[in-house]
2 protein chains.
Amino acid sequence: MWLKNMNTQTQSNRERIIKVAYQLFYTKGYNQTSFADVANELGISKGNLHYHFPSKGALLNTVIALRKQQIIEMFAQWDGEFSDAKDRLKRFIQMMINNEANLVRYGCPLGSLNVELGKDQRDLQGMSREMFDLYQHWLEKVFTQLDSKKSKARSLHLLSMTQGTAMMTYIYSDSKLLKDECNAINEWIDSL
Amino acid sequence: MWLKNMNTQTQSNRERIIKVAYQLFYTKGYNQTSFADVANELGISKGNLHYHFPSKGALLNTVIALRKQQIIEMFAQWDGEFSDAKDRLKRFIQMMINNEANLVRYGCPLGSLNVELGKDQRDLQGMSREMFDLYQHWLEKVFTQLDSKKSKARSLHLLSMTQGTAMMTYIYSDSKLLKDECNAINEWIDSL
DNA sequence: GTCTATAAGAAGATAGAC
DNA sequence: GTCTATCTTCTTATAGAC
């Protein structure tokens with residue numbers, strides 16, 4: 001654990017770049033974020049940025065890899081906290097509620113990135129869809145605890161509902177809509 | 001009717017520009033579409049484009065105005081074809097099925113544009129959200145035929161479901177998912 | 001590892017000829 | 001109305017000094 005930063009008291013510039021890029025890609029969008037934006041935010045030079053990441057695509061790749069790792073760790077923690085399938089599913093919905101402020105202002109970080117990249121950069125979209133796959137597979141696994149035959153269809157249905165909820169919350173900047181839709185989703189989970 | 005093109009045998013360049021921009025903003029995204037893209041597609045010069053539309057924002061404005069007009073005409077036609085509330089709602093869902101190929105390849109034209117512009121161009125997002133408002137108001141009016149108290153909440157819920165469906169259909173390029181989710185939405189409409 | 005300088009190209013937009 | 005030419009700024013990326 002402490003091995004990570006053994007040689008430095010604080011984060012390395014490389015780590016800082018990834019974190020700032022992660023944030024800016026989410027809040028401004030990937031195409032609307034330039035190397036200059038990232039460099040200015042950190043107070044470093046663009047040349048330095050190119051030393052750590054030869055291209056913008058390489059930076060996105062690294063950002064997504066970090067995000068995937070965080071998602072995997074999140075599921076591991078949830079699985080440790082809850083064993084009941086419905087409790088696990090509701091923990092997923094609770095994540096949306098907890099993330100209200102960001103959803104209202106910036107939308108779903110997975111969905112918006114995927115839409116942006118899918119338009120004319122299919123290669124990059126493939127990378128971003130892998131984050132979606134992590135959610136889909138975890139949900140399918142959890143739904144299998146309830147009914148293995150319906151698990152895949154239900155996982156896609158739940159993702160569809162959460163994506164729609166995130167989209168509407170974002171478009172209308174409406175946190176009440178978020179809560180109402182999350183309540184409806186939780187009732188659906190209870191009804192299974 | 002024929003007055004529109006009284007002086008020309010075919011479309012004017014201005015009309016052609018709007019149509020091509022409409023298409024490219026949808027398929028490539030607004031930020032990823034340049035004046036050069038539009039001009040090349042039509043075989044005209046960039047200077048010509050700037051004669052008709054002084055700025056890119058002005059072009060987007062005109063494209064959205066056209067789109068809003070088409071949406072209004074679509075609702076008028078549906079209202080003429082169906083008087084029953086549930087028939088009208090199902091016509092809305094049928095539109096998604098009819099548009100399968102585009103949804104699979106490019107996603108929802110309203111949702112994706114709104115997400116893109118909302119990231120850091122809130123002024124432009126306002127224009128694009130007006131298209132959403134047209135749908136929301138029409139749906140609320142139709143739901144009022146069933147139950148005036150629940151009409152607004154139901155209109156938002158239906159939009160949420162359709163946005164989620166469009167998003168998942170797009171991300172996984174999955175037309176079967178589109179049909180399954182549309183069937184589920186139609187069942188929900190029947191249950192009201 | 002980090003900087004400055006610079007290339008090479010694309011973008012939105014303007015000026016002026018036809 | 002349409003064109004070519006040009007301007008300015010931004011963007012990704014490279015080269016070379018420290």
Side-chain angles (χ1 to χ4, degrees), chain A residues 4-25 27-64 113 116-117 119-121 123-124 127, chain B residues 4-25 27-64 113 116-117 119-125 127:
Chain A
K4 266 187 180 176
N5 297 322
M6 193 169 59
N7 295 320
T8 54
Q9 294 186 313
T10 57
Q11 291 177 308
S12 69
N13 255 0
R14 188 173 189 279
E15 287 171 317
R16 272 189 283 258
I17 291 167
I18 297 169
K19 285 198 173 178
V20 166
Y22 176 102
Q23 195 67 18
L24 289 177
F25 289 172
T27 58
K28 282 172 65 82
Y30 172 75
N31 287 313
Q32 294 304 296
T33 300
S34 67
F35 267 54
D37 291 329
V38 178
N40 289 340
E41 182 76 22
L42 286 165
I44 64 174
S45 68
K46 286 188 292 177
N48 190 348
L49 237 167
H50 275 283
Y51 168 78
H52 291 287
F53 300 96
S55 72
K56 199 178 169 185
L59 178 53
L60 177 64
N61 219 323
T62 307
V63 165
I64 289 179
L113 184 62
E116 186 184 3
L117 299 178
K119 284 289 180 183
D120 68 340
Q121 294 157 103
D123 49 331
L124 297 179
M127 287 158 42
Chain B
K4 266 188 180 175
N5 297 321
M6 193 170 58
N7 295 321
T8 53
Q9 294 186 314
T10 58
Q11 290 178 309
S12 69
N13 254 359
R14 188 174 189 279
E15 287 172 317
R16 270 190 283 259
I17 291 167
I18 297 169
K19 283 198 173 179
V20 165
Y22 177 102
Q23 195 66 18
L24 288 177
F25 288 173
T27 58
K28 281 172 64 82
Y30 172 74
N31 288 313
Q32 294 305 295
T33 300
S34 67
F35 268 54
D37 290 330
V38 178
N40 289 342
E41 182 75 22
L42 286 164
I44 64 175
S45 68
K46 283 192 295 177
N48 190 348
L49 237 168
H50 275 282
Y51 169 78
H52 291 288
F53 301 96
S55 72
K56 198 178 171 185
L59 178 54
L60 176 65
N61 219 323
T62 307
V63 165
I64 289 179
L113 184 62
E116 186 183 3
L117 299 178
K119 284 288 178 182
D120 67 339
Q121 295 157 104
R122 303 288 278 202
D123 51 331
L124 297 180
Q125 187 202 18
M127 288 159 41

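Below, chains carry the letters A, B, ... as their sequence lines are ordered, and counting in each starts from 1. The basis for the numbers below is simple: all heavy atoms, side chains too, and nothing from hydrogens, waters or symmetry mates. Everything quoted here is computed from the prediction, not taken from an experiment.
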Engineer: Whole Å only: how far is the CD1 atom of A/I17 from the P atom of C/dT2?
Structural biologist: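 Going from A/I17 (CD1) to C/dT2 (P), I get 8 Å.
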Engineer: Is B/N13 near enough to D/dT2 that one of its side-chain N or O atoms lies under 4.0 angstrom from OP1 or OP2?
Structural biologist: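 It does, given that an N or O in the side chain of B/N13 lies less than 4.0 Å from OP1 or OP2 of D/dT2.
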Engineer: Among the candidates C/dA11, D/dA13, C/dA13, find the nucleotide nearest to the side-chain atoms of B/S55.
Structural biologist: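 That would be C/dA13.
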Engineer: To the nearest Å, give me how far apart CG (A/L49) and P (D/dA13) are.
Structural biologist: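 Whole-Å distance recorded here is 11 Å.
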Engineer: Nearest-Å distance, CD1 (A/I44) to P (D/dC18)?
Structural biologist: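 Going from A/I44 (CD1) to D/dC18 (P), I get 21 Å.
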Engineer: By nearest heavy atom, map A/P54 and A/Q32 onto DNA chain D; which one lands nearer the 5' end?
Structural biologist: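 First, find each residue's nearest nucleotide; the 5'-ward one identifies A/Q32.
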Engineer: Rounded to whole angstroms, how far apart are NZ on B/K46 and C1' on C/dG12?
Structural biologist: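 Spelled out: NZ on B/K46 to C1' on C/dG12 is 8 Å.
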Engineer: Over how many whole Å does the gap from B/Q11 atom CD to D/dG1 atom P extend?
Structural biologist: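 The answer, rounded to whole Å, is 15 Å.
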Engineer: Let me know the distance between CG of B/N40 and P of D/dT2, rounded to the nearest Å.
Structural biologist: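 So the two atoms are 16 Å apart, to the nearest Å.
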Engineer: Does A/Y51 have a side-chain nitrogen or oxygen under 4.0 Å from the phosphate oxygens OP1 or OP2 of C/dG1?
Structural biologist: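 Answer yes for this pair, as a side-chain N or O of A/Y51 is under 4.0 Å from OP1 or OP2.
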Engineer: Which nucleotide in the list D/dA13, C/dT2, C/dG12 gets nearest to the side chain of B/F35?
Structural biologist: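 Side chain of B/F35 sits closest to C/dG12.
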Engineer: Rounded to whole angstrom units, what separation is found between the CG atom of B/D37 and the P atom of C/dA11?
Structural biologist: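 In whole Å, C/dA11 P lies 6 Å from B/D37 CG.
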Engineer: Parallel, tilted or perpendicular for A/H50 and A/F35, by the 30°/60° rule?
Structural biologist: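 Taking A/F35 first and then A/H50, their aromatic rings lie parallel (interplane angle under 30°).
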Engineer: Between B/H52 (NE2) and D/dG1 (C1'), how many Å, whole number?
Structural biologist: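 Answer to the nearest Å: 6 Å.
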Engineer: Is there a side-chain contact between A/N48 and the phosphate of C/dC3, meaning an N or O under 4.0 Å from OP1 or OP2?
Structural biologist: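 It does, given that an N or O in the side chain of A/N48 lies less than 4.0 Å from OP1 or OP2 of C/dC3.
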Engineer: Can you give me the closest heavy-atom contact between A/L42 and A/R16, atom names plus distance?
Structural biologist: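 Answer, listing the atom of A/L42 first, then A/R16: CD2-CB, 3.8 Å.
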Engineer: Is A/S34 close enough to D/dC10 that one of its side-chain N or O atoms is under 4.0 Å from OP1 or OP2 there?
Structural biologist: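 It does not, given that no N or O in the side chain of A/S34 lies less than 4.0 Å from OP1 or OP2 of D/dC10.
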Engineer: Are the side chain of A/E116 and the backbone of A/G29 linked by a donor-acceptor contact shorter than 3.5 Å?
Structural biologist: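 No.
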Engineer: Between B/Q11 and B/K19, what is the shortest heavy-atom contact and its length?
Structural biologist: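 Heavy atoms of B/Q11 and B/K19 come nearest at NE2-NZ, 3.0 Å.
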Engineer: With a 4.5 Å limit on heavy-atom distance, are the side chains of B/L60 and B/L117 in contact?
Structural biologist: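 Answer yes - side chains close enough.
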